[in-house]
Amino acid sequence: MSDLVKIREISVKYDVSARTLRYYEDMGLIKSIRSDDYAYRLYDKAAVKRLEQILILRRLNISIKDIKRIFSTTGSEVVLDVLGKKVDTIDEEVSLLHELKKIVLEFIDQIKRLDFEKETDVNLLYDKAKDIETHITNTDYNGNSGLAERFFEVTEKLNDKVPDIMIVRIPKFRAVTSGAMPYEDIFGKFQLWQEAHNDFYLPIIFDAPDLLCENNGNLEWIWRIKDEITEADTAPYEIIEHPGGLYASAVSIDGDDESGNKVLQKIEKWLGKTNFVMDDSRATAVHMIYADDEIRQGLGYHQLNFYAPIKLKNNL
């Protein structure tokens with residue numbers, strides 16, 4: 001056992017959460033060792049080396065699906081193919097950004113020629129900007145229509161690289177809570193309790209029975225249960241009434257923390273364009289669809305859904 005590394009040590013050394021380690025393991029990228037007398041995962045030298053390789057590839061934004069391809073074959077052919085396609089993707093993005101810069105500079109020149117300096121009223125300036133927008137989108141526009149059309153094509157291609165966002169309403173529900181736990185403990189004793197009581201749960205949303213929520217710098221499992229379940233059944237864990245509510249939801253296509261942070265940043269940026277704001281009275285939550293292997297096998301990865309609690313600005 002002396003050659004085995006604890007999950008807590010892995011998390012600290014490589015700055016990777018227990019949730020991400022569990023995800024990599026579920027996807028078959030690394031393997032842990034479990035013993036009957038120890039609730040947490042342990043990793044040998046081979047698993048640690050594999051984790052280092054995964055983290056390098058993720059830094060290059062290589063998808064989990066492609067990492068699985070790399071590890072499932074011997075030799076360098078697949079990894080060279082994946083990295084070659086990554087270079088092509090980078091070249092395409094650089095080309096699009098250069099073209100977008102050129103288009104924006106040309107728009108700036110067009111706007112300057114409209115001589116805004118003669119108008120001191122900000123409202124009139126806004127009206128002129130809206131008039132330009134109308135011209136750009138109008139099929140009868142007599143200016144540089146090719147420029148406008150290419151502008152929308154370029155921005156659409158760039159925006160396609162970011163997940164879409166939808167609003168969902170989660171109803172109030174009765175749940176058992178794990179209580180606040182450090183990141184490295186989230187797949188410990190409470191998970192074992194869940195596995196022993198699978199007949200207790202009900203789906204919350206999209207067939208998922210639980211949410212993993214933030215709790216004062218820690219994490220907390222919220223596990224929806226049937227109405228007839230009592231605290232005598234769930235001891236030593238407490239039963240709570242989860243408030244539910246409105247959430248801005250988006251999907252992380254790779255499921256690890258790096259992808260998750262990008263999704264949350266996208267949600268926050270998107271909210272700035274709406275009449276919604278983050279609701280700090282409720283916790284951000286995630287759930288991963290483990291129950292349906294058909295989904296995982298079809299996608300090649302688990303679907304990790306993020307839920308950011310929101311409310312209308314006028315409800316502040």
Before you tell me yes or no, could you show the steps for Ile7 and Tyr43 under side chain to side chain contact (heavy atoms under 4.5 Å, CB included), namely the whole-Å CA-CA distance, both residues' side-chain angles and the distance that decides it to 0.1 Å? CA-CA 7 Å; Ile7 191 171; Tyr43 299 89; 4.1 Å; yes
Residue [X] excluded, over 12 heavy atoms near [atom1] under 6.0 Å:
| X | atom1 | result |
| --- | --- | --- |
| Asn198 | CG | yes |
| Glu238 | CD | no |
| Glu195 | CD | yes |

To the nearest 0.5 Å, how far apart are [atom1] in [X] and [atom2] in [Y]?
| X | Y | atom1 | atom2 | result |
| --- | --- | --- | --- | --- |
| Ile170 | Ser249 | CD1 | OG | 8.0 Å |
| Trp270 | Ile167 | CH2 | CD1 | 3.5 Å |
| Lys85 | Asp88 | NZ | CG | 9.0 Å |
| Ile62 | Ile54 | CD1 | CD1 | 13.0 Å |
| Leu83 | Ile70 | CG | CD1 | 6.0 Å |
| Cys213 | Leu219 | SG | CG | 9.0 Å |

Using 4.0 Å as the upper bound for N to carboxylate O, is an ion pair formed by Arg69 and Asp66?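 Yes, Asp66 and Arg69 are salt-bridged.
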Using every non-hydrogen atom in the two residues, find where [X] and [Y] come nearest and quote the distance to one decimal.
| X | Y | result |
| --- | --- | --- |
| Asp199 | Lys226 | O-NZ, 2.9 Å |
| Ser11 | Ser17 | OG-C, 4.1 Å |
| Met278 | Lys311 | O-CE, 4.1 Å |
| Leu60 | Lys86 | O-CE, 3.0 Å |
| Pro309 | Tyr307 | CD-O, 3.7 Å |
| Lys313 | Val277 | CG-CG1, 3.5 Å |

Is there a chain of hydrophobic side chains (I, L, V, M, F, W, Y, each step under 4.5 Å between heavy atoms) that links [X] to [Y]?
| X | Y | answer |
| --- | --- | --- |
| Leu21 | Val12 | no |
| Leu211 | Val168 | yes |
| Tyr247 | Phe206 | yes |
| Ile205 | Met166 | yes |

Sub-4.5 Å side-chain heavy-atom contact between [X] and [Y]:
| X | Y | answer |
| --- | --- | --- |
| Ile239 | Asp233 | no |
| Arg58 | Val16 | no |
| Asn218 | Met181 | no |
| Lys31 | Arg50 | no |
| Ile165 | Leu271 | no |
| Lys68 | Met27 | yes |
| Ser178 | Glu220 | yes |
| Phe190 | Gln194 | yes |

Between Phe200 and Val176, does the side chain to side chain contact (heavy atoms under 4.5 Å, CB included) criterion hold? Intermediate values first, please. CA-CA 10 Å; Phe200 281 15; Val176 60; over 6 Å; no
Whether the side chain of [X] engages the backbone of [Y] through a donor-acceptor N/O pair (distance < 3.5 Å, no angle test) should be reported.
| X | Y | result |
| --- | --- | --- |
| Arg282 | Leu246 | yes |
| Arg174 | Asp227 | yes |
| Arg224 | Pro203 | yes |
| Thr177 | Ile222 | no |

With side chain to side chain contact (heavy atoms under 4.5 Å, CB included) as the test, pick out the partner of Trp223 among Ile204, Leu212, Asp210.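 Answer after filtering Ile204, Leu212, Asp210: Asp210.
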Stepwise side chain to side chain contact (heavy atoms under 4.5 Å, CB included) check, Ile310 with Asp279: CA-CA 5 Å; Ile310 60 173; Asp279 183 355; 5.6 Å; no
Would Ile67 and Tyr24 count as a side chain to side chain contact (heavy atoms under 4.5 Å, CB included) if you check the C-alpha gap in whole Å, the side-chain angles of each, and the deciding distance to 0.1 Å? CA-CA 10 Å; Ile67 293 175; Tyr24 292 158; over 6 Å; no
